[in-house]
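One-based numbering along the sequence shown. Computation of the quantities below employed the complete heavy-atom set of this structure, encompassing side-chain atoms and omitting hydrogens, waters and symmetry-equivalent molecules.
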Amino acid sequence: MDLYRQLRLVRRHWWIVLVTLMVALGVTALVTVRAQPRYVASVTFFVTTPSQGVTDAYQGGLFLQQRVKSYAELLTSDRLAQAAVADSQLGLTAEEVQRRVSTSTETGTVLLRASVTDTDQTRALRVTEALSAKFVELVQKVETRPDGSPGPIKIEVVSGPRVTPSPVSPQPVRNTAIGALLGLLAGVGLAILRGMADVRLRDAAGLQRVTGSPLLGEIPIDATARTAPLIVGDAATSARAEAVRKLRTNLRFVDVHEPARVIAVTSALQGEGKTTLSCNLAIALAEAGWRVLLVDADLRRPKVGDYLGIDPGVGLTDVLVGDVQVGDVVQRWGDKSLLVLPSGSAPPNPSELLGSKAMSDLLLALRESADIVIIDTAPLLAVTDGVVVAVQADGALLVTQQGRTSRAQVAAAARALHSVSVRLLGCVLNMARVPKAEAYQYEAYRVVAAATGGQSVPTDRRRTGRHAERARAGEASDHTQELTRLSR
């Protein structure tokens with residue numbers, strides 16, 4: 001995984017980083033508040049030996065440097081701790097004194113430093129004083145020669161004992177900095193792991209890789225889509241409507257030499273927005289002057305009639321069983337060249353009905369009567385209806401909702417189409433999160449609603465409302481004869 005992708009995962013799961021950072025800071029603050037203040041008392045010893053001449057001084061220095069390391073161990077020994085406890089009223093045991101003592105030496109010198117850490121400032125100083133006095137005596141005893149003469153080593157206190165006036169721990173600033181750094185690192189790590197474990201499709205590039213087909217459109221998420229799913233009225237000037245128009249353009253030029261006139265719109269799962277996209281795509285094509293027929297072939301859960309406000313009681317099912325003629329149930333929608341064939345009554349055998357010869361003959365007839373036929377089908381992974389319809393169409397359009405469908409599910413849907421040699425025209429990423437920069441660019445060229453009539457006009461108002469109304473009336477009259485012939 002490259003750095004760019006890791007940064008994208010961190011940005012996508014920024015809330016994990018934030019939560020982890022806040023938890024780390026909270027734990028750090030709690031530990032800091034509950035920790036007892038600790039003081040340090042210290043004393044520094046100078047180790048020396050009599051010497052004569054430069055050579056003796058040099059050799060004696062090397063000897064003392066080695067000796068100092070041994071004295072550091074002696075400062076934390078049981079013997080010294082017991083001696084300090086025996087002669088002083090410290091209120092501590094020898095083991096407790098040992099745990100409080102630490103030593104340090106400076107390389108290349110004969111200085112030895114002893115530190116005592118305690119929660120009681122006065123006791124820390126008393127323990128240090130007792131240890132310094134007993135340590136000098138202990139070294140003299142240890143270094144005394146067998147004949148009773150003094151040893152060659154001399155210990156002197158050159159600094160201390162003294163205690164720090166303020167606690168050395170806890171240190172709120174340092175603890176907060178360390179906690180924030182650890183929390184940030186942990187949050188970034190968790191965000192990357194969460195992103196790597198996330199199998200859902202999150203971007204258009206991933207959708208293209210999984211399906212192996214071109215990306216024909218990205219429909220941005222729109223909060224008003226629940227109440228106004230169709231791109232008419234005020235929604236006709238939204239970024240969502242413009243994205244559908246881009247899809248319309250891409251779909252018409254996806255294969256210039258073999259254009260698709262009968263298009264099956266499907267998805268891997270239900271609830272990914274395929275029906276809404278089918279309706280909006282049909283509306284966008286009709287706005288461009290194409291004769292469009294929208295067929296609701298999702299016989300199990302038909303929704304086209306609900307979105308368009310058309311009674312689905314009699315429709316495709318009744319035509320396929322031979323009860324009615326297609327011209328008797330096709331309904332015109334709005335003032336555009338858009339006809340709708342609703343689903344009709346619910347059949348007991350949708351798959352068999354959609355795969356029948358009657359369905360094949362109907363699509364041949366509709367192909368000759370309309371410029372483009374849009375078929376809303378059932379989800380591919382739920383039932384086989386979508387595949388049955390897609391086989392009879394010129395191609396299929398696969399709709400996937402961003403952040404909802406997994407890569408495995410989309411791949412399975414694509415395989416279901418490829419396994420029966422369905423021409424996958426392309427894919428559409430629905431409810432996509434568009435960067436703010438792109439949204440801003442669209443707003444700069446966005447059309448606004450006119451003060452009267454509720455129609456949309458360009459912001460420069462080059463065409464007056466009267467001229468626009470005449471143009472729309474002329475377009476509607478041009479398609480009247482075509483719509484009448486189709487409904488028959």
Side-chain angles (χ1 to χ4, degrees), residues 219 225-233 235-236 240-241 244 247-248 251 261-267 269-287 290-321 324 326-347 350-351 353-354 359 362-363 366-367 369-380 382-383 385-386 388-390 392-393 396-399 401 428 430-431 483 486-487:
I219 312 301
R226 289 185 176 273
T227 57
L230 302 181
I231 54 172
V232 294
R240 178 167 55 97
V244 175
L247 171 62
R248 174 189 66 191
L251 192 60
R261 296 181 56 191
V262 180
I263 302 172
V265 181
T266 186
S267 62
L269 306 175
Q270 64 180 12
E272 297 193 71
K274 64 174 183 59
T275 301
T276 306
L277 184 64
S278 299
C279 296
N280 287 330
L281 180 59
I283 293 173
L285 289 167
E287 286 178 343
W290 299 92
R291 296 178 304 166
V292 183
L293 177 62
L294 176 60
V295 181
D296 189 356
D298 190 350
L299 303 183
R300 300 174 190 266
R301 299 188 63 181
K303 294 295 182 181
V304 171
D306 296 339
Y307 285 121
L308 299 180
I310 293 177
D311 182 13
V314 181
L316 177 61
T317 302
D318 306 280
V319 173
L320 295 179
V321 298
V324 296
V326 62
D328 298 331
V329 294
V330 169
Q331 302 181 42
R332 178 177 174 179
W333 187 84
D335 59 352
K336 303 176 180 64
S337 55
L338 174 59
L339 296 180
V340 180
L341 178 58
S343 60
S345 56
S351 300
L353 199 60
L354 293 173
M359 182 65 177
L362 175 62
L363 291 180
L366 296 179
R367 183 194 301 270
S369 303
D371 294 328
I372 300 178
V373 179
I374 302 296
I375 308 176
D376 180 42
T377 67
L380 297 174
V383 290
D385 301 8
V388 170
V389 175
Q392 304 175 71
L397 190 64
L398 184 61
V399 181
Q401 179 179 337
V428 178
N430 199 21
M431 300 185 187
L483 296 172
L486 179 58
S487 62

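A donor-acceptor pair under 3.5 Å is absent between the side-chain atoms of R248 and the main chain of I283, judged by distance alone. Formation of a donor-acceptor pair under 3.5 Å by the E272 side chain with backbone atoms of P379 is not found in this model. In this structure, the side chain of T317 engages the main chain of S343 through a donor-acceptor pair within 3.5 Å.
One finds the CD1 atom of I375 at 9.0 Å from the CG atom of L316 (value rounded to the nearest 0.5 Å). In this structure, Y307 OH and T275 OG1 are separated by 6.0 Å, a value rounded to the nearest 0.5 Å.
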**Request:** Start with the C-alpha distance between R240 and I231, add both sets of side-chain angles, then the distance that settles side-chain contact (heavy atoms from CB on, under 4.5 Å), and finish with yes or no.
**Result:** CA-CA 8 Å; R240 178 167 55 97; I231 54 172; 4.0 Å; yes
**Request:** List the steps, then state whether side-chain contact (heavy atoms from CB on, under 4.5 Å) holds for V326 with L366.
**Result:** CA-CA 9 Å; V326 62; L366 296 179; 4.1 Å; yes
**Message:** Go through it in stages, so that I can follow the logic: the residues are D318 and V329, the test is side-chain contact (heavy atoms from CB on, under 4.5 Å), and I'd like the CA-CA distance, side-chain angles, deciding distance and then a yes or no.
**Reply:** CA-CA 9 Å; D318 306 280; V329 294; 5.6 Å; no
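Side-chain contact between L362 and L341 is present, with heavy atoms from C-beta onward closer than 4.5 Å. No side-chain heavy atom of I219 sits less than 4.5 Å from a side-chain heavy atom of V399. Between R261 and I372, every side-chain heavy-atom pair lies at or beyond the 4.5 Å cut-off. Within the 4.5 Å cutoff, side-chain heavy atoms of L285 are placed close to those of I374.
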Name each donor-acceptor pair under 3.5 Å that joins a side chain in residues 295-304 to protein atoms two or more places apart or in another chain, with its distance.
from : atom 1 : to   : atom 2 : distance (Å)
D296 : OD1    : D298 : N      : 3.3
D296 : OD2    : V304 : N      : 3.4
D298 : OD1    : R301 : N      : 3.4
D298 : OD2    : K274 : NZ     : 3.4
R300 : NE     : D385 : OD2    : 2.7
R300 : NH2    : S351 : OG     : 3.2
R300 : NH2    : D385 : OD1    : 3.2
R301 : NH1    : Q270 : OE1    : 2.6

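Among all heavy-atom pairs drawn from G386 and L380, the shortest one is C-CD2, 3.8 Å. Here the closest heavy-atom approach between residue L230 and residue N280 is recorded as CA-OD1, 3.2 Å. A pairwise comparison of heavy atoms in A286 and S337 identifies O-OG, 3.7 Å as the closest pair. Across S278 and L294, no two heavy atoms sit closer than the pair O-CD1, 4.0 Å. In this structure, L354 and Q392 approach most closely via the heavy-atom pair O-NE2, 2.7 Å. Across G271 and Q401, no two heavy atoms sit closer than the pair O-OE1, 3.1 Å.
Applying the side-chain hydrogen bond (donor to acceptor under 3.5 Å, both in side chains) rule to T377 yields the partners T266; only residues at least two apart in sequence or on another chain are considered. Applying the side-chain contact (heavy atoms from CB on, under 4.5 Å) test to D371 and every residue at least two apart in sequence or in another chain returns W290, R291.
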